[in-house]
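Hydrogens, waters and symmetry mates play no part in the numbers below; they use all other heavy atoms, side chains included.
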Amino acid sequence: MDAEAADVRDPGLQPERTTLAWRRTLLSLVVVDLLIWRSWLTSEPTSAQLVPGLPGLDYQGVCALMAAAATIILACVVWIRSRQLHTGNAAVPASLLAVCTVAVVGLGGTAIAAIAVGG
């Protein structure tokens, strides 16, 4: 086998499968986001506002905003990675993985906080 031929890697359908997996993950995170928003919108109004003058911005409101921010960040990561996979099969940049990890952990923490505050 030629050494040059061994260096060439055929990605096959891996980029497409990876893109589909990232999109399914994003869809499940959107569902979690919507559940957090529903919990906030159906909760009893409280007098504990974090920012005076902004009605509804209590602890559940903050959880809902953080969940929305994490979902938007993850949607951007999915879009960027999909574009990268269409142009080649290079490895995921470490910065993209770090942003994705922080957003997923943040969304998980937000979901737990929303359950704790709402329950």
Side-chain angles (χ1 to χ4, degrees):
M1 180 181 257
D2 189 273
E4 193 173 305
D7 292 339
V8 177
R9 181 176 166 267
D10 179 22
L13 295 175
Q14 185 61 40
E16 289 83 4
R17 287 193 308 262
T18 302
T19 301
L20 289 173
W22 282 53
R23 288 181 183 163
R24 283 191 307 268
T25 302
L26 180 62
L27 181 63
S28 66
L29 294 176
V30 167
V31 170
V32 170
D33 192 27
L34 291 174
L35 290 173
I36 291 171
W37 276 79
R38 190 188 108 212
S39 172
W40 174 49
L41 293 174
T42 59
S43 67
E44 295 292 322
T46 63
S47 60
Q49 292 182 0
L50 296 178
V51 179
L54 288 175
L57 192 59
D58 54 0
Y59 290 107
Q60 285 218 343
V62 171
C63 289
L65 290 175
M66 288 177 59
T71 303
I72 290 170
I73 290 169
L74 289 168
C76 292
V77 168
V78 168
W79 183 77
I80 289 168
R81 187 59 185 156
S82 295
R83 294 292 154 230
Q84 289 175 347
L85 288 173
H86 284 297
T87 60
N89 62 343
V92 180
S95 59
L96 197 62
L97 279 178
V99 167
C100 188
T101 302
V102 168
V104 168
V105 168
L107 186 57
T110 299
I112 292 170
I115 290 169
V117 171

K.L.:
Enumerate the residue pairs fulfilling ring pair (Phe, Tyr, Trp, His ring centres under 6.0 Å) with a member in residues 88-107, sequence neighbours excluded, ordered by first and then second residue.
P.N.:
none

K.L.:
Return all side-chain donor-acceptor pairs below 3.5 angstrom for residues 21-28, not counting sequence neighbours, or 'none' if the list is empty.
P.N.:
residue : atom : partner : partner atom : Å
Thr25   : OG1  : Ala21   : O            : 2.9
Ser28   : OG   : Thr25   : O            : 2.7

K.L.:
With sequence neighbours excluded, what pairs up with Trp37 under the ring-ring contact (aromatic ring centres under 6.0 Å, His included) test?
P.N.:
Trp40

K.L.:
Where do Ala70 and Ala103 come nearest, in terms of heavy atoms and distance?
P.N.:
CB-O, 3.7 Å

K.L.:
Which residues, ordered by chain and number, are linked to Val31 in its hydrophobic cluster, where ILVMFWY side chains connect at heavy-atom gaps below 4.5 Å, directly or through other members?
P.N.:
Leu35

K.L.:
In Å, rounded to the nearest 0.5 Å, how long is the span from OG1 of Thr71 to CG of Leu34?
P.N.:
8.0 Å

K.L.:
Does Leu29 share a hydrophobic cluster with Val102, counting links as ILVMFWY side-chain heavy atoms below 4.5 Å and allowing steps through other members?
P.N.:
no

K.L.:
Return a table of donor-acceptor pairs under 3.5 angstrom between the side chains of residues 75-83 and protein atoms on other chains or two or more places apart.
P.N.:
residue : atom : partner : partner atom : Å
Arg81   : NH1  : Gln84   : OE1          : 3.0
Arg81   : NH1  : Ala90   : O            : 3.4
Arg81   : NH2  : Ala90   : O            : 3.0
Ser82   : OG   : Val78   : O            : 2.8

K.L.:
Measuring from Asp33:CG to Leu74:CG, what's the distance to the nearest 0.5 Å?
P.N.:
10.0 Å

K.L.:
Other than Val105, which residues form its hydrophobic cluster under the rule that side-chain heavy atoms must be closer than 4.5 Å?
P.N.:
none

